[in-house]
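Below is one structure, written out as structure tokens; the observations come after it.
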Amino acid sequence: MKVTAAVVEEQHGPFIVRDVELDEPGPGEVLVRVAATGFCHTDGIARDGDMPFPLPGVLGHEGSGTVAAVGEGVTGLSEGQPVVIGWPWCGQCRNCLDGEPRYCLRLGELVIGGHRLDGPSALRTTEGSPLASHFFGQSSFATHSLTTANALVPIPAGLPVELMGPLACGLATGAGAVFNTARPQPGASLVVYGAGTVGLAAVMAARNTPATTIIAVDRHESRLRLATELGATHVVDASDTDAVQAVTEICGGPADFALECTGVVPVIRQAVDSVGMRGTCLLIGGAPAGAEFSVDHISTLWGKSIVGTLGGSDRSPRLIGALMDLYAAGRFPFDRLVEYFPLERISDAMEASYSGAVVKPVITMPQG
């Protein structure tokens with residue numbers, strides 16, 4: 001079928017909006033008519049080659065929309081049903097069977113392989129040339145996405161479908177890091193480095209825990225103000241302050257948890273240094289491929305943990321479903337991060353994200 005998509009033809013190339021051909025759903029697959037999809041820095045990293053997704057192809061991995069058609073064997077989903085397109089998972093490996101699909105042993109193939117798992121790409125140009133598809137299992141910078149049924153999370157009635165897509169990745173990543181990995185105890189202190197989508201999601205999540213000191217660190221004054229409104233008890237402007245020293249002064253010593261949400265190597269070291277004995281630093285932000293960082297051996301030896309966490313470390317239905325319920329209850333107001341851009345302005349959305357002018361750009365699809 002013919003659909004409209006934003007195609008990247010080469011590394012660092014522009015997003016070109018044009019018609020492409022997309023396969024109809026096969027066994028276990030679902031065709032989703034995309035209402036909107038978030039723009040994430042991961043899309044930019046893939047475009048620029050720091051995540052090895054093959055090009056030319058279609059990116060986008062925070063989609064939401066309605067079911068347009070289902071393939072053979074799909075149950076529990078019907079045409080017109082609103083859904084979020086969650087992360088893909090094979091459902092058969094050790095980690096999937098252990099209830100940890102974010103750490104699926106075939107995740108690399110699923111997110112950046114450029115094709116169906118154990119199958120060909122679902123996208124072609126109108127002239128028949130292949131295009132890489134299934135970025136994070138969806139390639140949702142398009143009016144339609146072909147995905148697997150097990151990736152979809154139903155959206156409760158009454159919630160705005162076009163808003164829910166970013167719950168698939170950036171928001172779930174930050175919130176899940178707090179809920180599922182940090183799990184702060186009563187009175188805990190928590191510092192978040194980077195008040196972007198992931199970091200502000202972590203702040204909002206922390207506000208729903210018994211943590212009593214929630215510190216946001218960033219260089220954008222507007223984002224620090226927003227962090228305060230969303231639940232941060234303290235903020236640190238890293239442009240003119242030694243962040244580690246400021247955290248120590250606020251907490252009266254090292255923080256219990258530090259969440260590194262930027263992927264910037266010097267900031268990673270700051271986050272590690274912000275926690276002490278029995279403290280935990282969570283690495284969340286995506287650094288460029290091959291990036292390395294160093295830490296002091298002795299300070300780490302004394303009970304300090306450095307933990308990587310991916311995508312919120314949970315199953316999509318539980319985590320995304322909980323975040324939708326929290327949003328409906330007014331306890332996770334992520335709509336305050338969002339600004340909408342039509343598909344033809346996807347380059348503007350990327351620039352707004354990179355510049356910090358918009359925390360979470362969401363790209364809306366033509367519905368004609």
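Starting from 1, each residue takes its place in the sequence as its number. Note: hydrogens, waters and symmetry copies are ignored here, and every other heavy atom, side chains too, is used.
Rounded to the nearest 0.5 Å, atoms OG (Ser274) and CD (Gln270) are 7.0 Å apart. Atom OG1 in Thr4 sits 7.5 Å away from atom CG in Leu343 (nearest 0.5 Å). Considering CD of Glu29 and CG of Leu146, their distance stands at 4.0 Å, rounded to 0.5 Å. Atom OG of Ser347 sits about 9.5 Å away from atom CD1 of Ile16, to the nearest 0.5 Å. Here Lys304 contributes atom NZ and Thr280 contributes atom OG1; the two are 10.5 Å apart, rounded to the nearest 0.5 Å. Annotation: the span from Leu323 atom CG to Met204 atom CE amounts to 9.0 Å, rounded to 0.5 Å.
When side chains are defined from C-beta on, Leu152 counts as touching Leu77, because their heavy atoms get closer than 4.5 Å. At least one side-chain heavy atom of Cys90 sits less than 4.5 Å from a side-chain heavy atom of Leu117. Under the 4.5 Å side-chain criterion, counting only non-hydrogen atoms from C-beta, Lys360 is not in contact with Phe334. The side-chain heavy atoms of Leu167 and Met324, taken from C-beta on, include a pair separated by under 4.5 Å. Met1 places a side-chain heavy atom less than 4.5 Å from the side chain of Leu31. When side chains are defined from C-beta on, Asn95 does not count as touching Cys104, because their heavy atoms never get closer than 4.5 Å. By the 4.5 Å heavy-atom criterion applied to side chains, Glu260 and Leu282 are not counted as neighbours.
Under the 3.5 Å distance criterion, the side-chain polar atoms of Thr197 are matched with a main-chain donor or acceptor of Val359. Between the side chain of Ser355 and the backbone N or O of Glu351, at least one donor-acceptor pair lies under 3.5 Å. One N or O on the side chain of Trp89 and one on the backbone of Asn150 form a donor-acceptor pair closer than 3.5 Å. In terms of modelled atom types and a separation under 3.5 Å, the side chain of Gln245 and the main chain of Asp242 share no donor-acceptor contact. Within the 3.5 Å criterion, the main-chain N or O of Ala122 finds a donor-acceptor partner in the side chain of Ser133. A donor-acceptor pair under 3.5 Å is absent between the side-chain atoms of Thr241 and the main chain of Ala238, judged by distance alone. Put simply, the side chain of Ser121 gets close to the backbone of Leu131: a donor and an acceptor are under 3.5 Å apart. Put simply, the side chain of Gln11 never gets that close to the backbone of Arg47: no donor and acceptor are under 3.5 Å apart. For the pair Thr66 (side chain) and Pro82 (backbone), a donor-acceptor distance under 3.5 Å is absent. No side-chain donor-acceptor contact under 3.5 Å links Asp43 to the backbone of Leu59.
For His134, there are no ring pair (Phe, Tyr, Trp, His ring centres under 6.0 Å) partners two or more places apart in sequence or in a different chain. Taking the ring pair (Phe, Tyr, Trp, His ring centres under 6.0 Å) definition, one finds that Tyr354 meets it with His41, sequence neighbours left out.
Donor-acceptor pairing under 3.5 Å is lacking for the side chains of Asp19 and Thr126. A donor-acceptor contact under 3.5 angstrom links the side chains of Ser140 and Gln138, judged on distance only.
With respect to the salt-bridge test (charged N to carboxylate O, under 4.0 angstrom), the residues Arg116 and Asp23 qualify. Ion pairing between a basic and an acidic side chain is recognised when a charged N comes within 4.0 Å of a carboxylate O; Arg106 and Asp118 show such pairing. The residues Arg336 and Glu229 are annotated as salt-bridged, a charged nitrogen and a carboxylate oxygen being separated by less than 4.0 angstrom. Between Glu100 and Arg315, none of the side-chain N atoms (NZ, or NE/NH1/NH2) sits under 4.0 Å from a carboxylate O, so this pair counts as no salt bridge.
Between Tyr327 and Phe332, a ring centre-to-centre spacing not shorter than 6.0 Å is recorded.
Contact detail for Ala195 and Asp218: the closest heavy-atom pair is N-OD2, 2.6 Å. Residue Glu292 comes nearest to Val265 through the heavy atom pair O-CG1, 3.3 Å, listed as atom of the first residue, atom of the second, then distance. For the pair Val8 and Gly13, the tightest heavy-atom approach, listed with the atom from each and the gap, is CG1-O, 4.1 Å. Across every non-hydrogen atom of Val203 and Ala232, the tightest pair is CG1-N, 3.5 Å. Of all non-hydrogen atoms in Trp87 and Ser316, the two that sit nearest each other are N-OG, 3.6 Å. In plain terms, the two heavy atoms of Ile320 and Gly86 that are nearest each other are CD1-CA, 4.3 Å.
Using bins of under 30°, 30° to 60° and over 60° for the plane-to-plane angle, the ring pair Phe141/Phe39 lands in the parallel bin.
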Next on the checklist: Run the salt bridge (Lys or Arg N to Asp or Glu O under 4.0 Å) test on Asp273 and Arg269 for me, step by step, so that the C-alpha distance in whole Å, both residues' side-chain angles and the decisive distance to 0.1 Å come before the verdict.
Outcome noted: CA-CA 6 Å; Asp273 290 344; Arg269 180 57 192 263; 3.0 Å; yes
Next on the checklist: Please determine whether side chain to side chain contact (heavy atoms under 4.5 Å, CB included) holds for the pair Met51 and Phe135, giving the CA-CA distance in whole Å, both sets of side-chain angles, and the decisive distance to 0.1 Å.
Outcome noted: CA-CA 11 Å; Met51 178 176 282; Phe135 183 61; 4.0 Å; yes
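Applying the 6.0 Å contact sphere to CE of Met277 captures no more than 12 heavy atoms from other residues, nucleotides or ligands. The 12-atom threshold is exceeded at CZ of Arg18, counting heavy atoms of other residues, nucleotides or ligands nearer than 6.0 Å.
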Side-chain donor/acceptor pairs under 3.5 Å, residues 305-312, sequence neighbours excluded:
unit_1: Thr309; atom_1: OG1; unit_2: Thr181; atom_2: OG1; d: 3.2
unit_1: Thr309; atom_1: OG1; unit_2: Ser313; atom_2: OG; d: 2.8

